[in-house]
Novice: 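Below is a structure I'd like to ask you about.
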Amino acid sequence: MTTLAGQKLHNVDLSRILNRNEKRVVMAMDKVFAAIDDWEPQALDIQDIYALALNSLPPRYVQEGTIVFKESVRNAEIEQAVLQAVDKVRKKPNY
């Protein structure tokens with residue numbers, strides 16, 4: 001898999017463009033996982049949940065210096081995306 005780390009196009013560094021929802025999904029996953037006491041996700045489960053939740057949300061790409069006035073995705077929507085991803089992965093793990 002290719003990452004954008006160090007990627008350049010016409011000498012423009014693209015590696016510092018980030019999806020703001022990535023950090024928010026991780027925080028929501030931490031909260032949701034803390035409330036689950038009957039399941040211990042494996043590493044692949046965590047990766048699948050992260051990818052599924054992110055893919056279900058609209059991307060919020062920003063670059064250094066971007067000013068964010070309002071988040072278009074509420075925290076509750078992110079938590080719901082994580083809960084749905086957890087449910088899907090628990091029902092049908094990828095291993």
Side-chain angles (χ1 to χ4, degrees):
M1 180 168 108
T2 303
T3 64
L4 287 182
Q7 291 292 334
K8 290 187 177 187
L9 179 63
H10 296 277
N11 289 323
V12 176
D13 180 14
L14 301 175
S15 66
R16 297 177 68 142
I17 297 175
L18 304 171
N19 181 346
R20 286 182 52 87
N21 287 336
E22 291 175 4
K23 184 176 181 180
R24 295 175 72 202
V25 165
V26 170
M27 292 185 321
M29 287 174 64
D30 191 41
K31 181 178 179 180
V32 167
F33 288 174
I36 299 173
D37 58 4
D38 65 339
W39 181 61
E40 185 65 38
Q42 303 296 313
L44 188 55
D45 296 330
I46 294 169
Q47 292 171 345
D48 285 345
I49 291 164
Y50 177 71
L52 284 168
L54 271 175
N55 285 338
S56 71
L57 297 166
R60 297 285 297 144
Y61 287 100
V62 295
Q63 66 236 19
E64 187 175 311
T66 298
I67 298 171
V68 178
F69 293 105
K70 178 182 171 193
E71 288 293 351
S72 63
V73 179
R74 296 183 334 258
N75 288 338
E77 291 174 272
I78 292 175
E79 286 182 28
Q80 186 61 36
V82 170
L83 287 167
Q84 290 173 347
V86 166
D87 186 53
K88 186 172 187 174
V89 169
R90 285 185 77 172
K91 286 180 180 174
K92 190 173 179 184
N94 195 14
Y95 46 85

Novice: Where do Ser72 and Arg60 come nearest, in terms of heavy atoms and distance?
Specialist: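 Reported closest heavy-atom pair: OG-CD, 3.3 Å.
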
Novice: Taking Asn55 for its side chain and Ala51 for its backbone only, find out whether a donor-acceptor pair lies under 3.5 Å.
Specialist: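 Here the side-chain-to-backbone pair exists.
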
Novice: Are any non-hydrogen side-chain atoms of Asn21 and Leu54 less than 4.5 angstrom apart?
Specialist: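 Yes, at least one pair of side-chain atoms sits under 4.5 Å.
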
Novice: Carefully, step by step, assess Val25 and Met29 under the rule side chain to side chain contact (heavy atoms under 4.5 Å, CB included).
Specialist: CA-CA 6 Å; Val25 165; Met29 287 174 64; 3.8 Å; yes

Novice: Please give me the minimum heavy-atom distance between Lys88 and Leu52, naming the atom from each residue.
Specialist: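 Here Lys88 and Leu52 meet closest at CD-CD1, 4.1 Å.
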
Novice: Go through Val89 and Asn94 one step at a time and tell me if the side chain to side chain contact (heavy atoms under 4.5 Å, CB included) criterion holds.
Specialist: CA-CA 7 Å; Val89 169; Asn94 195 14; over 6 Å; no

Novice: Examine distances only and state if a side-chain atom of Asn19 and a backbone atom of Tyr61 form a donor-acceptor pair shorter than 3.5 Å.
Specialist: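 Side chain of Asn19 to backbone of Tyr61: no pair is present.
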
Novice: So, Gln84 side chain and Ala81 main chain: donor-acceptor pair closer than 3.5 Å or not?
Specialist: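 Looks like no, no N/O pair under 3.5 Å.
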
Novice: Only distances under 3.5 Å count here; give the side-chain donor-acceptor pairs of residues 39-50 to other protein atoms, sequence neighbours excluded, each with its distance to 0.1 Å.
Specialist:
unit_1	atom_1	unit_2	atom_2	d
Asp45	OD1	Tyr95	OH	3.4
Asp45	OD2	Gln42	N	2.8
Asp45	OD2	Tyr95	OH	3.1

Novice: Write down the atom of Ser15, the atom of Asp13, and the distance for their closest heavy-atom approach.
Specialist: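 The pair with the smallest heavy-atom distance is OG-OD1, 2.7 Å.
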
Novice: Could you go step by step and tell me if Glu79 and Lys31 meet the side chain to side chain contact (heavy atoms under 4.5 Å, CB included) rule?
Specialist: CA-CA 8 Å; Glu79 286 182 28; Lys31 181 178 179 180; 3.0 Å; yes

Novice: Indicate, with yes or no, if Leu83 and Ile36 share a hydrophobic cluster defined by side-chain heavy-atom contacts under 4.5 Å among Ile, Leu, Val, Met, Phe, Trp and Tyr.
Specialist: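 Per the 4.5 Å side-chain linkage, Ile36 and Leu83 are co-clustered.
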
Novice: Run the side-chain contact (heavy atoms from CB on, under 4.5 Å) test against Asp37 and tell me which residues pass, sequence neighbours left out.
Specialist: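 Per chain and number, Asp37 pairs via side-chain contact (heavy atoms from CB on, under 4.5 Å) with no residue.
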
Novice: Quick one: do Lys92 and Asp87 satisfy salt bridge (charged side-chain N to carboxylate O under 4.0 Å, His left out)? Show the steps, please.
Specialist: CA-CA 9 Å; Lys92 190 173 179 184; Asp87 186 53; over 6 Å; no

Novice: Is there a side-chain contact between Asp38 and Arg90 in this structure, where contact means two heavy atoms from C-beta onward sitting under 4.5 Å apart?
Specialist: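 Result yes, sub-4.5 Å side-chain heavy-atom pair found.
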
Novice: Distance-only, no hydrogens or angles: does the Arg24 side chain make a donor-acceptor pair with backbone N or O of Val73 under 3.5 Å?
Specialist: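 Yes, Arg24 side chain to Val73 backbone: donor-acceptor pair under 3.5 Å.
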
